Amino acid sequence: MSQDNTPKIRTRFPPSPTGALHLGGARTALFNWLFARHHNGSFVLRLEDTDRERSKQEYVESILDAMDWLGLDHDEGPYYQTQRFDRYREAVEGLVAKGRAYWCHCSPEELKQKREQAMAQGGKPMYDGSCREKGLGPGPGAVVRFKGPRTGSTAWHDQVKGPISWENEEMDDLVILRSDGSPTYHLAVVVDDIDMGITHVIRGDDHVANTPRQILLYQALEAKPPVFAHIPMILGPDKTKLSKRHGATSVVAYRDMGYLPEAMLNTLARLGWSHGDQEIFSRDELIQFFDLDAVGKSAAVFDQDKLLKMNARYMQAAEPKRLLEPVRPFLAQRGIQLKPEQEPLLLKAIPELTPRTPTLADLADWAEPYLLEQPVMDPKAARKFLTPASALVLARVRDLVAEIGVNDTQAMEQAFRDLAEQNSIKLGAVAQPVRVALVGRTASPGIFEVMDILGRDRVLARLAAAADLAKNPAETS
RNA sequence: GGUCCCAUCGUCUAGUGGUCUAGGAUAUCGGCCUCUCACGCCGAAGACACGGGUUCGAGUCCCGUUGGGACUGCCA
């Protein structure tokens with residue numbers, strides 16, 4: 001039972017489908033989603049596809065896919081701006097009729113020339129308003145410009161930056177309708193946010209300079225502007241705006257590298273937002289604690305190492321079953337189709353594996369020896385540990401396994417220690433050859449746990465195969 | 001160039017005038033643990049950009065300087 005009289009909070013995320021969802025966009029989406037969820041409001045998804053040249057359906061799908069992966073579900077939409085052209089057209093006509101906008105016949109070429117000339121003379125590259133008072137009508141190549149005020153100032157109280165104000169004379173008359181009849185970003189975004197009842201616009205602070213222009217548009221359209229909150233940008237390691245040249249910047253790229261969405265979400269949330277010294281947040285905690293007042297003002301550099309560590313923590317903490325489906329594609333990349341009867345074995349191995357595997361890709365790598373009939377033998381490891389001298393040790397261990405089995409790890413460890421002592425060698429001198437015999441490499445979880453999971457028969461078979469190799473080391477190299 | 005925004009360890013950040021000889025995380029280094037590799041634990045090093053104010057007192061408030069970023073499109 002809701003008893004608040006205040007209008008329900010509505011936020012939106014409006015990506016333009018001209019590329020994949022990148023880290024900055026994902027964080028913006030996350031903050032909007034968290035804010036809506038925290039306040040029990042609605043989260044609207046809208047595709048800003050008015051740039052017909054660059055907008056692509058495949059990007060729409062990729063963005064939706066990424067949002068889905070992150071679990072950022074929307075309550076409304078996705079709306080598409082290309083389906084609302086009539087509405088924008090109507091708004092523009094209304095503005096022209098009221099004298100708040102006018103037709104402009106200046107060509108892009110002469111505009112560009114004027115801009116460059118102004119720059120060269122140290123002036124401001126703004127539209128000079130040549131057509132502002134001409135009272136022109138539509139025509140070939142003509143656009144509609146907003147008729148902004150020439151005096152006064154426009155101000156707002158930004159929810160993260162505080163008070164910001166702009167001299168109106170600093171703003172030129174922006175184009176709101178292109179010569180092809182399509183609306184520009186400024187017009188479409190304002191009309192949409194009005195129509196969709198958006199109460200809070202949370203977006204990257206690369207939009208602050210757009211805000212006063214849009215407020216003017218709200219006023220001309222006789223609508224109340226929403227609350228604005230400009231969150232700091234996410235920068236690359238070189239502190240410039242994140243872009244393709246910064247390597248992996250798309251969210252799905254991280255998914256494909258084996259990161260868990262909860263780790264991605266947690267890391268993104270901590271860029272520009274904090275809750276005391278807490279570092280790990282569940283999805284519910286994020287919703288519970290998130291608010292705009294704890295969002296910082298300065299730009300943040302995305303730290304891959306920290307994401308990796310975060311992912312490692314989530315990997316370790318995950319229930320083995322949670323990892324089963326997500327790891328499948330990474331196994332498949334290694335040519336392994338996980339069979340149903342192998343699942344219990346993998347599930348049992350996962351707790352031993354995850355402290356060593358920061359990503360799903362690593363997990364697949366480390367799980368491989370358990371899932372193949374015989375492990376892929378690393379030649380270097382074989383050369384070093386499967387020596388004629390170790391053949392004897394391997395044979396003794398076989399006897400041990402035949403005798404004790406593999407499920408009593410404590411008894412097996414004791415037996416290994418006794419064996420080492422009897423031969424006056426260190427435990428490692430026994431364990432390493434065995435390890436290489438069992439998994440084909442020099443690093444693995446504890447050797448007794450590996451044996452337990454592999455099971456007696458497989459252990460015996462692998463020890464036998466390794467002993468053969470050890471007797472004839474030439475074959476390995 | 002102009003406008004606007006920003007400024008605490010390498011990086012993410014805590015800090016809202018005194019409890020800061022500045023806390024946490026990550027990265028780095030050292031140690032412990034140990035059958036390998038990890039995990040984990042312990043420890044070290046590492047920051048309030050600079051200069052003026054205001055104040056009994058400033059990382060915290062104000063001004064300036066410097067540095068960085070964004071915008072300056074018929075792109076969003």
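Chain A is the first sequence line, chain B the second, and so forth, proteins listed ahead of strands; every chain is numbered from 1. Please read all numbers here as calculations on a predicted model, not as lab measurements.
Residues A:Thr211 and A:Arg203 have side chains that bring a donor and an acceptor to within less than 3.5 angstrom of each other. In this model, a donor atom of one side chain and an acceptor atom of the other lie less than 3.5 Å apart for A:Trp156 and A:Asp158. Between the side chains of A:Thr359 and A:Asn311, no donor N or O sits under 3.5 Å from an acceptor N or O. When only modelled atom types and interatomic distance are considered, A:Gln57 and A:Glu61 share a side-chain donor-acceptor pair under 3.5 Å. In this structure, a donor-acceptor pair under 3.5 Å is present between the side chains of A:Asp418 and A:Gln414. For the residue pair A:Glu93 and A:Tyr88, no side-chain donor N or O sits within less than 3.5 Å of a side-chain acceptor on the partner.
The P atoms of B:C6 and B:A49 are separated by 15 Å, rounded to the nearest whole Å. Rounded to a whole angstrom, the distance from the P atom of B:C32 to that of B:G68 is 45 Å. On the P atoms, B:C39 is 16 Å away from B:G31, given to the nearest whole Å. For the P atoms, the distance linking B:A25 with B:A44 amounts to 13 Å, nearest Å. Across the P atoms, B:U60 and B:A45 are found 25 Å apart, a figure rounded to whole Å. Atom name C1', nucleotides B:G52 and B:G46: the rounded distance is 29 Å, in whole Å. Comparing the C1' positions of B:G69 and B:C56 gives an interatomic distance of 39 Å, to the nearest angstrom.
Picking from B:A76, B:U11, B:C74 the nucleotide with the shortest atom distance to the side chain of A:Arg115 gives B:C74. Which of B:A38, B:A76, B:U11 sits closest to the side chain of A:Thr184 comes down to B:A76. When distances run from any side-chain atom of A:Met119 to the nucleotides B:G1, B:C12, B:U36, the shortest one goes to B:G1. Listed nucleotides B:C12, B:U72, B:A70 differ in distance to A:Met233; the shortest reach to its side chain belongs to B:A70.
Against RNA chain B, the stretch residues 46-56 of chain A makes heavy-atom approaches under 4.0 Å through A:Glu48, A:Thr50, A:Asp51, A:Arg54.
Distance, A:Glu169 CD to B:G2 P: 15 Å, rounded to whole Å. In this structure, the CG atom of A:Leu174 is 11 Å from the P atom of B:A76, given to the nearest Å. Atom pair A:Asp378:CG and B:C37:C1' shows a separation of 13 Å (rounding to whole Å applied). Computed from coordinates, the A:His207 NE2 to B:A76 C1' distance equals 6 Å when rounded to whole Å. Remark: P of B:A14 and NE2 of A:His275 are 12 Å apart, rounded to the nearest angstrom. Spacing between atom CG of A:Leu307 and atom P of B:A25 amounts to 18 Å, rounded to whole angstrom units. Distance A:Asp305 CG to B:U13 C1': 16 Å, rounded to the nearest Å. Rounded to an integer number of Å, the gap from CE of A:Met315 to P of B:A38 is 17 Å.
At the heavy-atom level, A:Val175 lies under 4.0 Å from the strands shown only through sugar-phosphate atoms. If you check every strand for non-hydrogen atoms under 4.0 Å, A:Asn210 touches a base. Counting any heavy atom pair closer than 4.0 Å across all strands shown, A:Asp206 reaches sugar-phosphate atoms only and no base atom. Among the heavy atoms of the strands, none lies under 4.0 Å from A:Gly296.
For the side-chain hydrogen bond (donor to acceptor under 3.5 Å, both in side chains) test, no residue two or more places apart in sequence or in another chain qualifies with A:Trp273. Taking the side chain to side chain contact (heavy atoms under 4.5 Å, CB included) definition, one finds that A:Asp305 meets it with A:Asp303, sequence neighbours left out. Every residue was checked against the ring pair (Phe, Tyr, Trp, His ring centres under 6.0 Å) condition with A:His74, not counting sequence neighbours, and none meets it. For the ring pair (Phe, Tyr, Trp, His ring centres under 6.0 Å) test, no residue two or more places apart in sequence or in another chain qualifies with A:Phe385. Taking the side chain to side chain contact (heavy atoms under 4.5 Å, CB included) definition, one finds that A:Tyr59 meets it with A:Pro17, A:Lys56, sequence neighbours left out. In terms of the side chain to side chain contact (heavy atoms under 4.5 Å, CB included) criterion, residue partners of A:Ser62 (sequence neighbours excluded) are, by chain and number, A:Ala20.
Shown are A:Arg145, A:Arg213, A:Lys124; of these, the salt bridge (charged side-chain N to carboxylate O under 4.0 Å, His left out) with A:Asp172 is made only by A:Arg213. Checking each of A:Thr50, A:Thr18, A:Leu47 against A:Ser55 for a side chain to side chain contact (heavy atoms under 4.5 Å, CB included) leaves exactly one that passes, namely A:Thr18.
For the OP1/OP2 pair of B:A14 and a distance below 4.0 Å, the side-chain nitrogens and oxygens of A:Ser274 include at least one atom meeting the criterion. Between A:Lys112 and B:C74 there is no side-chain N or O to OP1 or OP2 distance below 4.0 Å.
Side-chain atoms of A:Ser179 and base atoms of B:C74 include a donor and an acceptor less than 3.5 Å apart. Residue-to-nucleotide contacts include a donor-acceptor pair under 3.5 Å from the side chain of A:Arg356 to the base of B:C37.
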A:Gln81 vs A:Tyr185, test: side-chain hydrogen bond (donor to acceptor under 3.5 Å, both in side chains). Steps then yes/no.
CA-CA 10 Å; A:Gln81 291 189 324; A:Tyr185 161 70; over 6 Å; no
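Although no hydrogens or angles enter the test, the distance criterion places a donor-acceptor pair under 3.5 Å between the side chain of A:Ser282 and the main chain of A:Glu285.
Here A:Phe146 and A:Tyr102 keep their ring centres 6.0 angstrom or further from each other.
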Show each protein N/O and nucleotides 40-50 of chain B N/O combination with a separation under 3.5 Å, one pair to a line.
from  : atom 1 : to       : atom 2 : distance (Å)
B:G40 : OP2    : A:Lys309 : NZ     : 3.3

Under 3.5 Å between N/O atoms: give me all the protein pairs with nucleotides 61-67 of chain B, atom names plus distance.
none

Could you write out each protein N or O paired with an N or O of nucleotides 4-7 of chain B at a distance under 3.5 Å?
from : atom 1 : to       : atom 2 : distance (Å)
B:C5 : O2'    : A:Lys161 : NZ     : 2.9

Base versus backbone protein contacts along nucleotides 30-35 of chain B [heavy-atom cut-off under 4.0 Å; B, S, -]
-----B
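Under the 6.0 Å distance and 45° angle rule, A:Arg89 does not count as a cation-pi partner of A:Phe85.
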Under 3.5 Å, side-chain donor or acceptor atoms of residues 425-438 of chain A against the rest of the protein: list the pairs with distances, not counting sequence neighbours.
from     : atom 1 : to       : atom 2 : distance (Å)
A:Gln432 : OE1    : A:Arg435 : NE     : 2.6
A:Gln432 : NE2    : A:Thr442 : O      : 3.4
A:Arg435 : NH1    : A:Ser444 : OG     : 2.7
A:Arg435 : NH1    : A:Pro445 : O      : 3.1

